[in-house]
Amino acid sequence: MPINSSLLIRHATIMLPNGEFIVGDVLVRDRLIVQVAPEISIPGIQEIDATGLTLLPGVIDPQVHFREPGLEHKEDLFTASCACAKGGVTSFLEMPNTRPLTITQQALDDKLQRAAQKCVVNYGFFIGATSENLPDLLTAHPTPGIKIFMGSMHGPLLVDTEAALEAIFAQGQRLIAVHAEDRARIEQRRLEFAGIHDPKIHSQIQDNQAALLATQLAVKLANKYQRRLHILHLSTAEEAEFLRQDKPSWVTAEVTPQHLLLNTNAYDTIGSWAQMNPPLRSQRDNEVLWKALLDGVIDFIATDHAPHTLAEKAQEYPLTPSGMPGVETSLPLMLTAAKEGRCTVAQVANWMSTAVAKGYGIANKGAISPGYDADLVLVDLNTYRPVVREELLTKCGWSPFEGWKLTGWPVITIVGGQIVYENGKVNTQLRGEALKFTNN
Ligand code: DOR
């Protein structure tokens with residue numbers, strides 16, 4: 001693949017690392033940003049006229065489920081990475097509940113090889129914890145960290161007793177990311193609601209208390225061993241309030257756009273498409289999560305992109321699988337929220353890129369500054385367009401946000417200095433790179 005050595009982005013509204021914006025130019029050479037200035041003039045190199053567009057660091061989505069290997073009828077690394085490019089997502093961290101599960105170095109290597117062949121954006125893969133693979137968890141490389149499912153079950157990918165969890169927290173130092181839902185409580189409530197086929201009860205079975213119990217246990221263990229802990233998709237007011245009281249420097253948390261913007265009312269309009277784990281909550285939870293994000297209790301945003309086919313989602317609850325796609329809509333959803341005054345554009349860029357790079361120790365990413373990788377997205381904050389099913393690139397072919405009128409759609413996405421997405425089209429010839437994690 002030829003490397004386009006130089007690219008000049010002109011007249012963009014550029015977000016600087018201090019969160020301020022200037023109108024100016026960015027020079028990219030050999031994959032890196034080399035200069036940011038009010039005016040750069042170099043004749044004879046490829047130029048983008050970005051007049052009226054806003055230049056942000058490319059989104060790093062720290063929680064996605066891309067289904068390859070084993071579940072490619074829902075999504076694969078090529079379709080998912082094209083959807084990323086369209087959504088301004090230049091790097092992703094993918095979860096281990098594929099088939100086979102990513103619980104060995106061999107399975108991790110297999111994913112990395114597939115990604116090198118298929119992904120148009122950059123990639124990293126978690127190693128999944130079982131009750132038996134501690135040696136793999138200690139040595140797997142490269143990986144952003146260990147993923148523990150504390151509640152919802154993907155075969156052996158479940159660690160649900162305090163003793164088994166403690167064995168993992170006690171050894172090694174690498175980041176542990178938890179899906180925090182308490183399995184015992186969920187099992188008990190499942191019995192209480194047996195025979196009801198309305199997907200709405202999903203939020204009552206896997207209730208706020210189930211999430212709080214697991215988050216409290218994970219934080220307790222992290223504190224005991226001062227272990228780097230990341231709490232995935234925080235969903236409840238109770239967890240946010242708990243973290244507000246007790247969030248040491250080694251703990252971070254994320255929230256999804258859907259837990260900020262959708263609540264249990266969504267079951268009335270989109271039915272089982274609203275079903276996910278952890279479930280959607282109440283409007284009050286939405287508000288408390290927003291406040292926690294704005295106050296820094298929640299550190300970053302992930303989509304939990306979890307595609308299932310329309311046919312799978314059309315089954316009767318509880319046969320319907322949990323999860324919804326997200327990488328194509330997350331940035332416009334959050335930028336629309338910024339435009340509505342809920343937060344600033346600079347905060348969105350921090351939550352979706354800068355803070356993620358810092359939290360996972362991803363070197364050289366998350367800022368528009370000389371020396372950083374040229375992973376960038378140019379967005380249009382002046383026009384509104386609806387989410388249209390026919391335009392989606394995710395293989396599952398639907399979005400819970402269909403019909404929502406959003407602004408901040410990516411116009412151009414750049415990965416490693418190369419234009420991978422422009423005005424509706426992905427350059428499918430390009431390939432991203434494996435991410436490096438300095439903390440691991
Ligand atoms: O809703 C969800 N779906 N939550 C998860 O944690 C897993 C995901 C999936 O893989 O379908």
Side-chain angles (χ1 to χ4, degrees), residues 15 53-54 56-65 80 83-92 232-235 254-266 269-270 273-274 276 278 280-281 283 285-294 298-307 323-356 377-389 391-394 396-411 413 421 424:
M15 198 194 94
L53 302 178
T54 301
L56 303 174
V59 172
I60 306 171
D61 190 334
Q63 195 195 170
V64 298
H65 303 264
C84 282
K86 178 162 169 279
V89 177
T90 52
S91 298
F92 64 80
L232 300 157
H233 41 37
L234 208 76
S235 64
E254 71 185 29
V255 65
T256 69
Q258 54 270 34
H259 286 112
L260 293 170
L261 299 168
L262 297 177
N263 51 53
T264 48
N265 293 334
T269 48
I270 58 172
W273 291 10
M276 68 169 295
L280 297 178
R281 311 295 186 187
Q283 205 171 346
D285 292 286
N286 295 150
E287 297 311 319
V288 176
L289 291 170
W290 264 112
K291 186 160 169 22
L293 183 62
L294 289 164
I298 297 174
D299 302 88
F300 37 86
I301 287 174
T303 64
D304 193 21
H305 180 92
M324 54 179 75
V327 292
E328 280 166 272
T329 46
S330 56
L331 184 58
L333 282 167
M334 293 308 297
L335 289 174
T336 302
K339 199 77 179 203
E340 287 166 358
R342 298 214 67 153
C343 56
T344 67
V345 172
Q347 282 173 316
V348 171
N350 180 46
W351 299 328
M352 299 188 77
S353 185
T354 316
V356 182
V377 57
L378 268 169
V379 298
D380 177 0
L381 284 164
N382 303 310
T383 52
Y384 280 76
R385 277 198 297 115
V387 179
V388 176
R389 182 183 293 196
E391 292 174 7
L392 295 170
L393 298 183
T394 172
C396 75
W398 59 275
S399 164
F401 300 105
E402 281 172 39
W404 287 39
K405 286 207 174 57
L406 305 178
T407 190
W409 288 97
V411 176
T413 305
Y421 171 83

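Values reported hereafter were calculated over all heavy atoms of this structure, with side chains retained and with hydrogens, waters and symmetry mates removed. The chain is numbered in sequence order, starting from 1.
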Student check: side-chain heavy atoms of [X] and [Y] closer than 4.5 Å:
X	Y	answer
L294	W351	yes
N286	H259	no
V387	L406	yes
L261	W404	yes
M276	D304	yes
I301	P257	yes
D380	W409	no
M352	S330	yes

Between [X] and [Y] (side chain of the first, backbone of the second, donor and acceptor by atom type, cut-off under 3.5 Å), is there such a pair?
X	Y	value
E254	H233	yes
T413	A85	yes
H305	V327	yes

Ignoring hydrogens and angles, write down the donor-acceptor pairs under 3.5 Å from the side chains of residues 331-339, residues two or more places apart or on other chains.
from, atom 1, to, atom 2, distance (Å)
T336, OG1, P332, O, 2.6
T336, OG1, T407, N, 2.9
T336, OG1, T407, O, 3.2
K339, NZ, L381, O, 2.4

Taking all non-hydrogen atoms of both residues into account, name the closest pair between [X] and [Y] and its distance.
X	Y	result
V59	S353	CA-CB, 4.5 Å
P410	V377	CB-CG2, 3.7 Å
H65	A306	CD2-CB, 4.0 Å
L56	A349	CD2-CB, 4.3 Å
S235	L289	O-CD1, 3.5 Å

Roughly how far apart are [X] [atom1] and [Y] [atom2], rounded to 0.5 Å?
X	Y	atom1	atom2	answer
S399	W273	OG	CH2	8.0 Å
L378	T54	CG	OG1	8.0 Å
Q258	T329	CD	OG1	8.0 Å
T264	R281	OG1	CZ	10.0 Å
D299	N350	CG	CG	9.0 Å
L262	L280	CG	CG	5.5 Å

Just grab all the salt bridge (charged side-chain N to carboxylate O under 4.0 Å, His left out) pairs involving residues 325-337, residues at least two apart or on different chains.
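Non-adjacent pairs meeting salt bridge (charged side-chain N to carboxylate O under 4.0 Å, His left out): K86-E328.
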Does CD belonging to Q283 count more than 12 external heavy atoms closer than 6.0 Å?
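Counting neighbours around CD of Q283, 12 or fewer heavy atoms of other residues, nucleotides or ligands fall under 6.0 Å, so no.
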Is it true that R342 and E287 have a side-chain N and a carboxylate O under 4.0 angstrom from each other?
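Looking at R342 and E287, the cut-off is met.
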